[in-house]
Each structure stands twice: as C-alpha cells, then as structure tokens.
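To start, the structure itself, in structure tokens.
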Amino acid sequence: MIFHVNFLILVLPSPYDTGYQNRKKLTMMVIPSIFMPEDWSFTFFEGLNRHPDSIFKDKTVAELGCGNGWISIAIADKWLPLKVYGLDINPRAIKISWINLYLNALDENGKPVYDNENKTLLDRVEFYESDLLSYCKDNNLELERIVGCIPQILNPNPDAMSKLVTENASEEFLHSLSNYCALQGFVEDQFGLGLIARAVEEGIDVIKPMGIMIFNMGGRPGQGVCKRLFERRGLRVNKLWQTKILQASDTDISALVEIEKNNPHRFEFFMGLVGDQPICARTAWAFGKAGGRISHALSVYSCQLRHPNQVKKIFEFLKNGFHDISNSLDLSFEDDSVADEKIPFLAYLAGVLKDSSHFPYEPPTGSKRFRDLIAAFMKTYHHVPLNTDNVAVFPSRATAIENSLRLFTPRLAIVDEHLTRNLPREWLTSLEIEPTRDIKASKDGIAVIEAPRQSDLMIELIKKLRPQVVVTGIAQFEAVTSSAFEHLLGVTREIGSRLFIDISDQFELSSLPSSIGVLKYLARTPLPSHAAIICGLLKNQVYADLEVAFVISEEQTIFDALTRSVELLQGNTALISQYYYGCLLHELLSFQLPDRRQHAEREVENVKSNDTDMIGFSSSAISILSEAELSVRVTEKSSLLHMDVDKIFLPTPTAVKAAIFESFARQNVTELECDVTSSLRQFIKNAYNLSVDHSAEFIYADFPLALFNKLVLFCIEEGGSLCIPTGSNGNYVSSAKFLNANIVSIPTQAEVGFKLTEKQLISVLETVHKPWVYISGPTINPTGLLYSNEEMKSLLTVCGRYGARVIIDTSFSGVEFNNQGWGGWNLDASLAGLTGKPYFSVCLLGGLFFKIPTAGLAYGFLVMNQGFLTDSFRGFLGLNKPHSTIRYTAKKLLESGELNVDLTGAAQGQGKFLAARLKRLKETLENCGWEVIEAHGGVSLIAKPSTYIGKNIKLEKDGSIWETKLNDTNIREAMLRATGIEYEETYFLVMDAITFRYLISLAVSKNLEMRLMDVMTAYLYGPLDSDIYMKIPEGLKIPEALGSKPKEMCSIKLQKSLYGLKQSGRMRYNRLSDYLMSKERLLKHFNMENANSLSTPMVVRSLNVDNDPFRPCEDGEEVLVNLLARFSSAPTKRHWNGTKHIFRYLRGTTDLGLFYPHDSKEELVGYADAGYLSDPHKARSQTGYVFLNGGTAISWRFQKQTLVATSSNHAEFMALHEASIECVWLRSMTNFILTSCGLDKDRSPTTIFEDNEACISQMKEDNQVEMRYVPSSNNSADLFTKALPTTIFWKHVPDIGM
C-alpha cells in the first residue's frame, strides 16, 4: 500500500507561551486519510489556554478525535500532565500520532528530551484506537480531564458506520470518519450534535467526580442548544472562548434548511466574519449560493458535574436498559437549590428501580425507612428524642385531621379556620353543638366550629364551648416560644379535650431550620397522652403539589389507632411521596455538623391526668379495631414474616420502571401530558366493553379504597343501605363499618365460591330501601372466581329493576388464568335496554394494578355517568389525588398498553406465575386437610381448615396454657400461638449450589437459554425443630409390640418434614438463612460496615510451633485467622481481634463475585493442595481443592484432615484423595447434564493440578482423573490451605473466576 505523506511545521497559537522546551512549534506528519489541522482545532487550543496553568498539571487526560496527535502532544509539552491518552477511531491516525510523538520527543540526534521532572513526552503521551471513550471504559481508566474536537454532523446517516473500520480501509472512508455521520440515538441528533452528546455521556461514566470536560463546538445549532446539551445532563457550563470561522465552501447546509422547514428552531449563521446579527440556515444557504461568504461561531466549553456521584448513578441506571428515556432527562436548573434537591432524589430513585425487581411492601403505618428518617431529623435538628413507633405517616395533612376526627367522632370539635377547607360540609354546617352524654345521639354527627388561630381567642372558645377535640395551629408570632402551646395543653387537659397541634407552617426541611416552640417543649418534656402533633410536608423546591404528612403521638393506643385509620380509609400512603421527602431528610442528615452542646434530659411533668373525662374512640372504631382483620404492626423485635401482600409482590416490568423514572426526570410537564382521562376511557372500552361518553366524570385518588369510602359516605348521606355479598373484600366491609354505614349482607354459598346469584340478590333488594349494591368483578376478591358476562348481565338487570345504585369494583381484576371458556365482559350489551327506576345508576371503580402490571404503582379511578351523582360526590372533599408524576406515568403506560411487548409479556407472565402459585398452595392446603376453592384470577384464594374446625387444642408455652375449641374466629390466633410466627411467606431449595454454578457456567459458555423449573417436592426431608406426630397412613403396618392396640390410638413421630406441613418451608429457610446471609447484612449486624478494609482474609504465619499464636502464650500476640472457628467454644480477646480481621476483609470485598465469561473454552479442571501441620497442636494438616468450569470456580472445599499426616507428601496424598472423589462426582453430574441437553459429554480424563511432583509420580493412572504438576505459585488451591502474601493472594483470586 502506498501512502502520500506530508510533513509540516505547526506553529502554536500565541496564548501557548512556551513549554519546558521553550518551543513554539511542533513537527507533524500528515496523510490524506487524517484530517489536517484546521482553524477550529487552533481555536480549541486557544480555549484550552484560557484555563489556569494548573488545569492539566499531574492530571490524567484523554483527547477524543486526536487526529495526528498534535493537541495531545502540545498539552503534554506545556502542562506536564500525568498521562495523556490520545484516542481516535481511525487506526491510521493512531499510527501517525505515534510517529509524531517520537518526532517531538527526540532531539536531532535521536536522544530523548527530558523535562524538569525527568520525564519525556513518551512517558506522558499514549495513543490508542478507540470509538470515543471505549478504550478507557474497557480498561477501567478514571480520567480527570477530557478534551475533544468533535464535529457537528450536518446530515446524519443511519448507515454511515455500517462498514468495518480497519487499517486497510480506503483513504476516503478513513477520512470520512472525521465527520462520523451516524445517528447516535439522542435528541441532539436533529441538530447534528448526537456524537458530542454520546461523548459527554461516556465521559460522565469514566471521569472522576471533580473532573472537567472541555469540548470544541460549532455554533450553527445556536448557543442555547449547545449549552443545553451539557446542562440537561447535570453539568455546569462555562464558555472559555468563542470566535467565528468561515463556513467551508464545499459544505452543503441544505440538510439544515430541511430541518428548519418542519421545526420552529432556527440555526445560527453570520454574513462574513464581521456580521453580528445571526441569520437562519435558509438565508445563509441563499446568501452562499449568490457567492457570499457565510460564517458560524466556534466555541470552547468547559463543563463540570454539579452533583457528580448522583449524576453518575443516574447515567449508570440509564445505560442498563433505559437508554430510550435518556432524551427525557433534564438536569438543567436555574436555581441551585432545585438542583440540590432533585438530582439526589433522581439518583435515589434510580438506585431503587435498578436494584429491586419489585417495590417493597410498606405497612399502612408508613415506610419504616421514612419514619426512621423523620425521627432522626427530629432528634438531630430539634433534639426531640422520638423513635419510629412515635411517627405515623399520612397521605396529607387534611387526611390526618379528618381521620383523627372520625376516629373519635366528637359531638363538638373546634378546628383552626385555616385547617377546615377539606372537611366535610355537613360537619361545618351542623348546629348540634350542645354537649350530650347520649351515646345514640352522638353516634354519627360531628359538629365543627371554626376558630381563629390566635391562642388567646382559641382558648377563650375552648373554655366556653368545652369541645371534645381541638385541632389548631400556632400563630406565626407565637410559634417561636412554647408558651402558647403549653397554655393550650393545660386548658385542654383541664376540660378533657383531645388536642391536635399542627406545626406544618413552621416546620422546615432545612439545614438551618427555624426554631419551633412546640418542638422545644417536646425536647425537654414528653408529649402528654391527650395530645398529638400533626405536620404536613409540602415545602419542597420542585413539586408544589407533592405532599405527605406525619403525626407524632407518644401514647401507644392513639398511635396504633391512627395508623389503622389510614389502612381503613385511604389504604396506604403513596410510596413516591415517602421516597421523595425521605431523600430530602437523608441528605440533611448526611451533612449535619455534630452538635457540641449538651442537651438536657427530658423531665416528666408531674401533672394529674384527667384522662377519665377524655373522649374515647367511637363505637364503630372500637368494633373495627378489635375485630377486623387488619395488617400486623411490625416492631424492631418482631419475628413475623410478611405475606406476599396484595399485588405489590409482582415483579415490576422494565417499561413501568422507565415510565416512573421519566416522569420525574422531565421538567415542565404540561397538564395535558398528565391528563389520563382519554387513555383511561379507551382502556375501559378495551377491558370491559363499556363505552364511557364525554359527559361522564372521572375522579382519581391514590388508591381505589379512598374512592370507595367516598361512595360509602354518599350512600350514608342518601340514607341508603350498602349491600355487600358475603365473602367479598373484607377490608372494604371493615371500612364501611368504620364509617357507620348501614350494611346489608347478601347471603352467598361457599359451594359456588361465594358468587352473587340473581335469586339471592332479589331476596335482599325486595326488603331494602335505597340499595347500593357492591360487586367485585370480573375477578371476585378474595375468592379469585370470575363472573361471566351472562352472570353480570343478570345481576345488572335485577339492580335496574329495583332501582339500585351499583358499584362495580374492578380493582382486583386484570390477570385472569385457568379461564378457558370465559369470554370477558360486554357491559355495553349488559346495560343496553335496562329500564328501571330513575334511582338506578352504575359506577365503575378500578385501578391500574393488573391489566397493565404496574406492581407498586398505585392509581385509583372512579367513573360516574350521572350528573347529580357527580355533583354530590364533589361535596366530599379531602381526596388525595395522584401526583402529576404518577398521572404522567399512568398515561404513558396506558397509551403504550398492548403495543408494548414488555408490558404485555409481563401481564402474561403474571398470569402464569399466579396459576403456578395457586397450584402449589392448593396442593399444600389440601394435603393439610383444608378445603380450597379453585381460583381463576387475582392474587388470593379461599380455603377452609375443615379438618381442624371444632377440635379442642391445648398449647403450653413459657409456663402458660392456652386452650380453645377451634372455629373460624380463632384459627389464626391458634396458628400464631402454636408456631410463634405467621406462615406468610415460603422458601424452598431446588438444587445444590455446585450444580447451579455449573449450569450457569455451561449456559454462558455454550450460549444456551436457561429456564426455571418449579419442583413440587421442595419441602421434603427438612429437619424439624419440634416434635410432630401424625396419624398412621393407610397401608402402614403397626409394629408387633403395638399390634393389640387399635390403629386409631397410635401415631407416628416425624423425623423429617413433609410437604404438607406448614413448618416445612420455615425449616428449610432456617437451615439456609445463615449461609445465604449477605456480606452487607453481616457487616452491618456487627457494626463493621465502615471498618477499614484489608486485602487478605488470613495473616501470614510461621510453621514454627513456638511461634504459633494458639499455643499458651502472652497476651497481645498475633492471631492466626484461618483457625478461628476451632476456638468458637472458648474464644478470647485475641480470637475476637482475628474475627475483626475477617470482617475487615469482607468490608473490602463486598463487590467481589464469580464471573462467568462468554468466550471461555476451558472444560472442567481441578487444583488440589495440602497445608502441612496447619494445626501444630493436634498435628493435623489442611486439605484444599477447587474445581473450575469455563475458568470459574464451581466447587471448592477446605477442611482439617481427620488423620495425622506423617509427612508433607502424606498430607498431599490425602488432599488428592478427597479431590479425586469430588472430581468423579462432578464428572458424573456434568456428563448427565450434558447428555440431557443433547451435548457431547466429556470422555477425556479431568485434570487435577498438584504442586508436589513426588506425590504425582506415585499416583495410579485412571481413565477419569489425570494428575499434572503445576508450580506452587500457579496452584489456585493455595487459597484454601494457607495464608498467602497479598500479591500472591490477589494473583490467585482472578484465577478462580472472581
């Protein structure tokens, strides 16, 4: 191949000054396939010179698109960086760059030229072929500076880079690489800046937190567009230098003219070099065609990450399957306080979505993490010693106030006039304010008197009216001191009023929060039992409508009741709100400076309580709180295991994660983009064949339960009766009872799965005035059966005949399975022609849980067709509406719907998963004597413990005896008392770890597909921790010694668990839990998560017995860590120090794991070794071996030998013997799997490497195992037999695939 080579003398720009050689020019070779240095490259170098001289000194630098290398060489020559990596995709450019480096690093005599640090340019500069920063990523290089002259693409071509880049490519193709005109998949492609956008994002990945990126950019897209490219990716931008250059006469800008036709954006050109007024691309094109010279700006931008660690975490999340939403990311903020709030939250959200397959279950009390953070903030910033169990979370302040009033149902309450806006209208208009002791009269009505916030006026009203509940804030001018609060406490205690104090207006999430008198009081005195604190969090820099609230109570009974009220009336508090404010609290706690002041201990007030006259919970609340099946409150020491609660256990599809993140990543989302109504209207049509006209009203809430409760209140206001089929959703029934609704149970039969029939419905509606009928469907909750279209039509026909209002609850529908023959619903046809009383109406209640599998994303909707219903419904205020980000997410998911393969596949996968789970549960329960109703949809099933009902049981525990006759009211308590835990989650083992590791290795190396098989006998044969007896099964003979006794009088004591036992799953889990505990949990448990890390797990020791640390010795001698386990029965301080050594090693290796390479061709191979006299006291040696498949360890063992080895040779024999046994089993296992997969099994012997030649020479040959010698320095089994120096230890670690 012939190259046309030119040499030129490059005169460096004037700002260059001089380098260590005092030179102002470089000698350069150029060839046609490399871009010649042009004006833009000199402008770029001028921009680099605008930085302080220290910017590159001793830094690691990468130049993108280095061309012939002159800028990389000039940087090294002037600023003496630690290293400069010149990178270019053109392989020929790299070769020329190396030549140019030598031309300038050597003098006329070929001798190296040294700088004042005794280094040459050859020490400081290297050139590599690289597609942007791929070389740095592949070699794990962290950069401190990134510079680049990256061209703007005037006409992006998707196929531009389809050719393979090789050194033998044509001159024309290699030269075209400098324009790199392929589409990059970024929104900036439309402006020709896609390649620069990719360079920036790759730079974020490899640059150090305080690193700087400097780019040269043509100004044709406009200065605003250029700056935004950096700013929306979380970078602060500084323009170092700007000039104008003439547009090359052979450059066609017609592509930019076409962009302007369909886009309001206008590109920026100038007429000549002196014009200051920009012109658009069309004008510039016309001017150029007429012979005019056009120019454009050329700018050098310096940028730096504003929140480096968080921004890096965000882009790490995006590149793992979420690149499509990167174009929606906007981290540009005019206000730094907004950036300081939003960027950390996005990083936290990215971590949650990346690390979790599904959203975690959070109890109605609120996320424990969030409550921990609130308590910590109160303690750290306000010195109030709260704990998690003093903090209950609510969706909003209005919800907290309304729930508190409903909990006590006072005849008269005084409420601060600023806090009454969302209370029910009838409370604010009632005239029944006279105190009464008549329980019947006080059952339903609550009268609220609005009062001024000023404390003296409020107190005067309290004394005159003597209310049972007071809800008030503190006036701003009284909030700094605690005197007004203390006065209110005294007055309400004196007359027997419950007091709820709102501090929302004073509470600040700030590193310098304002002083709050109420919290000053709590810092020195416990909160009295009759008082509680309400605080709404609505003050953030980003989202004006994102709210969450919390209530503080130090009275356990009140606290528990308040948390139950959330579960009954709202369902839960939106996770996103808790995540957002939790992130703010975490940031404040992370940067809080230690307070050196001593704070006084709390003093308990010696005040005589007047609790006997205090109002208690309402009768309905007492009934529900004591009898309803509510969630279990988990404490720190609780041993309860949580069920797969509701639908939150279902995996979150990637499309849902992407939509959630995008909703927060964007800025300035319009209301239209959040309006889900049109999409939901189509969703209802597709799902239920129900046409919803534009006159219908859509009402939204965080959870469907909140909407159901508003319907219940409407029913109460109308004087109606709520008709609910027996066996329907128990939570909804409890909520209606809590609200004092008149509930009529419609009898149903277990034989038909508690389905509501036409006959049963008629029998009730004939006797009920103003009926409201609740129907859960198509999937009936909780039975999991399905209403057919014909069944639904007959029920609606009956309701129409009797003029009933119908609530169709679809909240638990959408994933149906085992549903052959079920054709779905056609509600349009079912409702067509229905003629009933005018009172008849149908409301559709639902959520987005199943049909679009949104996992933990909650969204409730209610569709009402009748206008008078809608008007009345609006009177019930206080609904917690979904936040705009959740509405945006819901709209995006609904619009993608069936078009999104990820979503439709996830929905189908959910159906298969739930069907398989039902099968396992059904078989287990039936084996235990339960009757199970076959489910066809949803997440729950119904079973009856028929075998146990009516039987007497007697339980003894801790000296106490509990005896009862089992029935449907106490079966759960009996299970809890008998086992100590609630069986709410199961664990099972399916294969041993060695086989599993081999399967992964095989699948990766052979490019096979792995699928999970569910083993139905997973619980068999587990050890039991208590005595369990069972009846003698049919066919089992009774021993002769018992032959005279009736079979019914005999039983069998189980030695191992059976699949039918409830304990089976727990026994298997307990056996494995310690082994499976993660390093992180282990370190945190022993408070070692912040310990300084160590590089090896064992200390090097001498084999001299006199130097052994475990002989009787003086205090303070060093510990041999690899023998610690042998002294667990009687450890000393020396052993504890050795244990901490292990923890410190674990601390430094939490990210270490097995790596399975795709391209490995190695088969099964083993290494064996022995550590002679590793236990010198008992003269025992250590056996160690490891087997690798595909270069990664799948089986290993290290243990003390059971026999005394008479020599090191003898010890090696015993180690090889154990390794050979394992090898034979591994061959059997692997060959069986290979044959089963249709692959050729390994017929050649498996090699075991050993470092004792004498031992190998005495071994007998075998067709399965072959012994080979390996130097001790290359024997990976050394890891398991002896303590190794750090360098040797870390040499072996990657050898076993870690």
Side-chain angles (χ1 to χ4, degrees), residues 142 197 200-211 213 230-236 303-357 359-360 367 369-370 372-373 376-377 509 511 537 540-543 546 548 574-592 652 654 656-667 669 856-857 883 885-886 888-889 1080 1089 1150-1151:
E142 282 192 296
V200 171
E201 293 198 5
E202 289 188 11
I204 291 171
D205 189 26
V206 299
I207 201 162
K208 290 185 176 180
M210 300 307 294
M213 292 188 277
F230 301 108
E231 290 173 340
R232 81 175 189 88
R233 291 174 169 83
L235 292 140
R236 299 180 190 274
C303 49
Q304 194 168 13
L305 292 171
R306 62 195 311 166
H307 283 270
N309 293 325
Q310 287 92 340
V311 171
K312 281 175 170 286
K313 191 171 185 179
I314 291 169
F315 279 94
E316 178 70 22
F317 166 75
L318 292 176
K319 76 177 185 180
N320 284 291
F322 299 95
H323 176 74
D324 290 344
I325 62 174
S326 65
N327 288 329
S328 301
L329 182 67
D330 190 354
L331 302 179
S332 59
F333 308 97
E334 294 182 3
D335 188 343
D336 283 345
S337 63
V338 176
D340 294 343
E341 186 173 300
K342 187 168 181 179
I343 292 177
F345 171 71
L346 286 175
Y348 171 75
L349 183 62
V352 171
L353 296 174
K354 176 176 176 286
D355 298 336
S356 303
S357 62
F359 284 94
S367 160
R369 176 182 180 272
F370 184 48
D372 282 338
L373 289 167
F377 183 83
L509 290 180
S511 57
L537 299 179
N540 67 78
Q541 300 291 334
V542 184
Y543 302 105
L546 186 65
V548 73
L575 274 179
I576 290 297
S577 302
Q578 299 183 67
Y579 284 172
Y580 193 89
Y581 285 102
C583 187
L584 299 189
L585 290 166
H586 181 269
E587 290 293 307
L588 290 170
L589 290 168
S590 298
F591 297 104
Q592 211 274 335
T652 309
T654 300
V656 176
K657 292 182 177 182
I660 292 173
F661 189 83
E662 182 180 350
S663 69
F664 281 94
R666 287 193 56 186
Q667 291 191 45
V669 177
L857 180 66
H883 184 243
T885 55
I886 302 302
Y888 177 91
T889 302
E1080 289 81 0
E1089 68 270 24
T1150 53
D1151 58 347

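Leu585 CG to Phe370 CZ: the interatomic distance, rounded to the nearest 0.5 Å, is 6.0 Å. With rounding to the nearest 0.5 angstrom, the NZ atom of Lys313 is 10.0 Å from the CG atom of Leu349. Here the CG-CG distance, from Leu318 to Leu346, works out to 9.5 Å after rounding to the nearest 0.5 Å. Rounded to the nearest 0.5 angstrom, Leu584 CG and Leu373 CG are separated by 10.5 Å. Ile314 contributes atom CD1, which lies 6.5 Å from atom CD1 of Ile343 (distance to the nearest 0.5 angstrom). Within the model, atoms CD1 of Ile325 and CZ of Arg666 stand 12.0 Å from one another, a figure rounded to the nearest 0.5 Å.
Using a 4.5 Å heavy-atom threshold, the side chains of Ile207 and Met213 count as touching. By the 4.5 Å heavy-atom criterion applied to side chains, Thr889 and His883 are not counted as neighbours. Residues Phe315 and Asp205 are not in side-chain contact: their nearest non-hydrogen atoms beyond the backbone lie 4.5 Å or more apart. The closest side-chain heavy-atom distance from Glu662 to Tyr888 is below 4.5 Å. Between Glu231 and Phe333, the closest side-chain pair of non-hydrogen atoms is not below 4.5 Å. No side-chain heavy atom of Val542 sits less than 4.5 Å from a side-chain heavy atom of Phe664.
With salt bridges taken as basic N to acidic carboxylate O contacts below 4.0 Å, none links Arg306 and Asp340. Electrostatic pairing of Lys342 and Asp330 does not count as a salt bridge here, judged by no charged N lying under 4.0 Å from a carboxylate O.
Although no hydrogens or angles enter the test, the distance criterion places a donor-acceptor pair under 3.5 Å between the side chain of Asn320 and the main chain of Glu316. A distance-only check finds a donor-acceptor pair linking the side chain of Gln304 to the backbone of Met210 [under 3.5 Å]. For the pair Lys312 (side chain) and Ile204 (backbone), a donor-acceptor distance under 3.5 Å is present. No donor-acceptor distance shorter than 3.5 angstrom exists from the side chain of Arg233 to the backbone of Glu201, with no hydrogens or angles considered. Formation of a donor-acceptor pair under 3.5 Å by the Gln667 side chain with backbone atoms of Ser332 is found in this model. The closest donor-acceptor contact from the side chain of Gln578 to the backbone of Ser367 lies under 3.5 Å.
The two residues Pro209 and Asn309 come nearest to each other via the heavy atoms CG-OD1, 3.7 Å. Shortest non-hydrogen contact noted between Ala665 and Leu329 is CB-CD1, 3.7 Å. The nearest pair of heavy atoms linking Leu588 to Leu509 is CD1-C, 3.6 Å. In plain terms, the two heavy atoms of Ser577 and Val548 that are nearest each other are CB-CB, 4.1 Å. When all heavy atoms of Pro344 and Ala339 are compared, the pair lying nearest together is CD-O, 3.6 Å. Of all non-hydrogen atoms in Thr885 and Ser663, the two that sit nearest each other are O-CB, 3.2 Å.
Ring geometry, Phe661 versus Phe317: the interplanar angle falls from 30° to 60°, so the pair is classed tilted. Ring planes of Tyr579 and Tyr348: perpendicular class, angle over 60° (limits at 30 and 60°).
Applying the side-chain hydrogen bond (donor to acceptor under 3.5 Å, both in side chains) test to Tyr581 and every residue at least two apart in sequence or in another chain returns Asn540.
Within 6.0 Å of the NE2 atom in His586, the count of heavy atoms belonging to other residues, nucleotides or ligands does not exceed 12.
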Task: Pair Lys319-Glu202, side-chain contact (heavy atoms from CB on, under 4.5 Å): steps then yes or no - done: CA-CA 10 Å; Lys319 76 177 185 180; Glu202 289 188 11; over 6 Å; no
TODO: Show your reasoning for whether side-chain contact (heavy atoms from CB on, under 4.5 Å) applies to Gln310 and Phe345.
DONE: CA-CA 9 Å; Gln310 287 92 340; Phe345 171 71; over 6 Å; no
